[in-house]
Every structure is written in structure tokens, then in C-alpha cells.
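Some notes on the structure that comes next.
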Number of protein chains: 2
Amino acid sequence: MKDILAVTKALADESRLRALMALSGGELCLCQIISVLELAPATVSKHMSLLYAAGLVERRKEGKWHYYRLPGREASPAARQALRWVTEHLEGSKVIAADVRKCCAARAADPEDLTGCYCGTT
Amino acid sequence: MKDILAVTKALADESRLRALMALSGGELCLCQIISVLELAPATVSKHMSLLYAAGLVERRKEGKWHYYRLPGREASPAARQALRWVTEHLEGSKVIAADVRKCCAARAADPEDLTGCYCGTT
DNA sequence: CTTATAATTCGTTAATTAGCGAATTGACGT
DNA sequence: ACGTCAATTCGCTAATTAACGAATTATAAG
């Protein structure tokens, strides 16, 4: 019960759903997620820790950057199914579409600044 | 986004998950859900209204009883998938098993008192 | 060694929400 | 009509949690 509840609680927040959808375009480091959500670093850090604790994202440290990504096979079946549910039913959302645009626009303006942002284009 | 968030928020509470799992055994009226959860009527009523608003349960009034059940085809795809996810990953839970036992024991002791409680046996 | 950048932890505030008792509504039986 | 039982609504309190700024840790660059 506890692990399932951790997943549902992690998904019960708009900012965290937006973060997950941003990651569906590929790996992002925390500062990029911050710029997408337009929230304070401390806030986003906590959101991502919560998603990590629920098994809904993986992390990777590279230098001073902490990269987050959606998990693959290493994720629990519950987490993988939940993520499939979220991405499937949130694709048409306006808020999400705006986030994706923001992410890609920033990358086009200064690719060096957003090396980790694939936005589905690689 | 709003409807998806309504579902995740509805699922992000242990009492509501227990209520849904109790309903996976069949239709129950509110007072039966109350006796399973051992919470105040007002509290359970609010929980069920929230689940209803999220499209995760259906209602039916019969006299002074209000029956709740898991939805069938009338539910949105998002709700149906979410319910499948919940029941699949919560079946082995200890808390849930205890709830089911309680529900069936009460029915055996006084069948007349729990006519709506099928507990999977009809 | 010092500075700058990325991220986290900590402490606080504001908002949300679970829970309850009391009062209310609705339906049944007497 | 009256009392009763099921359920809801209302008002309140306690607990949870989202959000932030400030302080801290960690890594890289000058």
C-alpha cells in the first residue's frame, strides 16, 4: 500500500505532472526543469526528490548537474504503468504543450545552454 | 489536465484507495463503506463524493440507501485505466485483505444487514 | 585559494485537506 | 404527523504540504 500511495501522491500535483511530461521529451537537468516550471530551485528540487522516491524518475549526476529522466526497465511495474497512463492522457493538454514549446524554443535560442534538452528531437 | 489531476488527487489518499478496493468486490452502500473504513459518516461521504467527481465510482439511490460501484463502460478511459492500475497493484496489500475479511465476516454474521455486500461471491 | 554555478537542506508561511460533531435533508415505517 | 435511519452539508480543528528565501554542500573555473 505504502509504495502505491507514494506513486499516487507524487502524481497528485500539477507541477510534478508537468515535470514528468517535460521529461517525456528526454533527459533534463534540474535547472532546465526549473526554467520550464518557473518555480524556485528549492521547490523543484523537492518535487523531483518526491518523484524519485516514488520510483517515477531516475537520476544521474554529471559534474555539478543532476540529470533526471523517466525510468526504463529498472522501474517497478506499478511505476511504469502509472507513467504510461500519465503520458497517454496528458499529451493533449494545453499546459503541457506550452511547456514543450518553451523548452524547445530555449534550446533553439542557445543550444549550448540546454545540451540536455532533447524535446523529442534527439 | 484538470480531469487527470482530479483522478490522481482522488487516488492520493489511503481511505479512498481502501474504499475503491472494497468496491472491487461489488456494489456497496455508504453505510457499509463506513463500517469497513471505520470513519465518521461525514468523512466517508466526502471521500465518495470526491471519487464520484473524479469519475472513479458510480452511484445509485435506492430508498434511503446510496449505493456505490466501480464504473463500467460509462467511465472515461483515463478513469478505467486508473482503476485497473489500482486494483492490480493493491490486491496483495495487507490493509486491503483485512478490509475484505471484515466485509465478508459481517455479511456472514447477519446477511440481512448487508444485502448490498457481495464481496465477490455474487 | 577564491569565485561562481548547481543543487540541496532548513525553517517559515500560506494553502489545502482529512477528520469530526452538529445540524439538515430525504425516505421509510408507525 | 412523528420518529428513525441513511446520507449530506456546514463549520471548525489538526495535519499535511506547496512554496519561498537563506544558508549549506559540491563541483568546476579562474
Side-chain angles (χ1 to χ4, degrees), chain A residues 1-2 5-20 22-23 27-54 57-69 95 106 110 112-117, chain B residues 1-2 5-20 22-23 27-54 57-69 95 106 110 112-117:
Chain A
M1 167 67 91
K2 230 182 60 191
L5 203 51
V7 171
T8 57
K9 279 179 184 285
L11 296 178
D13 177 271
E14 177 162 347
S15 299
R16 288 193 288 269
L17 289 181
R18 287 173 62 202
L20 286 178
L23 291 179
E27 196 178 48
L28 292 174
C29 76
L30 188 74
C31 62
Q32 296 171 322
I33 303 172
I34 289 169
S35 73
V36 168
L37 298 184
E38 299 186 70
L39 290 172
T43 305
V44 178
S45 175
K46 206 174 166 195
H47 279 317
M48 299 313 293
S49 294
L50 222 159
L51 287 170
Y52 179 76
V57 298
E58 289 293 317
R59 326 195 215 210
R60 174 175 72 89
K61 297 183 192 181
E62 187 177 326
K64 49 185 170 179
W65 291 281
H66 293 197
Y67 288 93
Y68 289 89
R69 64 178 182 280
V95 188
D110 186 354
E112 289 307 304
D113 231 31
L114 287 159
T115 45
C117 179
Chain B
M1 167 67 90
K2 230 182 61 192
L5 203 50
V7 171
T8 57
K9 278 178 185 287
L11 296 179
D13 178 271
E14 177 162 345
S15 299
R16 288 192 290 268
L17 289 181
R18 287 173 63 200
L20 287 178
L23 291 179
E27 196 178 48
L28 292 173
C29 78
L30 188 75
C31 61
Q32 296 171 321
I33 305 173
I34 289 169
S35 71
V36 169
L37 297 184
E38 300 185 70
L39 291 171
T43 305
V44 178
S45 175
K46 207 175 163 194
H47 279 315
M48 299 314 292
S49 294
L50 222 159
L51 287 170
Y52 180 76
V57 297
E58 288 294 316
R59 330 195 212 208
R60 175 175 71 90
K61 297 183 193 181
E62 187 177 324
K64 48 184 166 176
W65 292 281
H66 293 196
Y67 288 94
Y68 289 91
R69 64 178 183 278
V95 188
D110 188 354
E112 289 307 303
D113 230 32
L114 287 158
T115 44
C117 179

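Only a predicted model underlies this, so the values are computations on that prediction, with no experimental measurement involved. Because only heavy atoms are used, hydrogens play no part in the values below, and waters and symmetry mates are left out as well, while side chains stay in. Within every chain, numbering begins at 1; the chains are lettered A, B, ... in the order of the sequence lines, protein sequences first and strands thereafter.
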### Under 4.0 angstrom between B:Arg59 side-chain N/O and D:dT8 OP1 or OP2
yes
note: B:Met48, atom CE; D:dT9, atom C1'; distance rounded to Å ~ 17 Å
From CG of A:Leu5 across to P of C:dA18 the rounded distance in Å is 11 Å
Taken to the nearest whole Å, NZ/B:Lys61 to C1'/D:dC5 is 16 Å
CD1 of B:Ile33 to OG of B:Ser45, rounded to nearest 0.5 Å, is 10.0 Å
Separation of D:dT8 atom C1' from B:His66 atom NE2, nearest Å, is 8 Å
B:Ala12 meets the side chain to side chain contact (heavy atoms under 4.5 Å, CB included) criterion, sequence neighbours left out, with A:Thr8, A:Lys9, A:Ala12
So does A:Val36 get a backbone contact from the side chain of A:Arg18, meaning a donor-acceptor N/O pair under 3.5 Å?
yes
Does the side chain of B:Met48 reach to within under 4.5 Å of the side chain of B:Leu51, using non-hydrogen atoms?
yes
Between CG of B:Leu37 and P of C:dC20 the distance, given in whole Å, is 10 Å
A:Arg59 meets the side chain to side chain donor-acceptor pair (under 3.5 Å) criterion, sequence neighbours left out, with A:Tyr68
Once base and sugar-phosphate atoms are separated, protein heavy atoms under 4.0 Å mark nucleotides 18-29 of chain D, 5' to 3', with B, S and - as BSBB-----BS-
To the nearest angstrom, the OH-P distance between A:Tyr67 and C:dT5 comes to 17 Å
Q. Can we say B:Arg60 and B:Glu62 salt-bridge, meaning some charged N sits less than 4.0 Å from an Asp/Glu carboxylate O?
A. yes
A:Tyr52 OH to C:dA7 C1', in whole Å, measures 15 Å
B:Leu30 CG to D:dT9 P, in whole Å, measures 11 Å
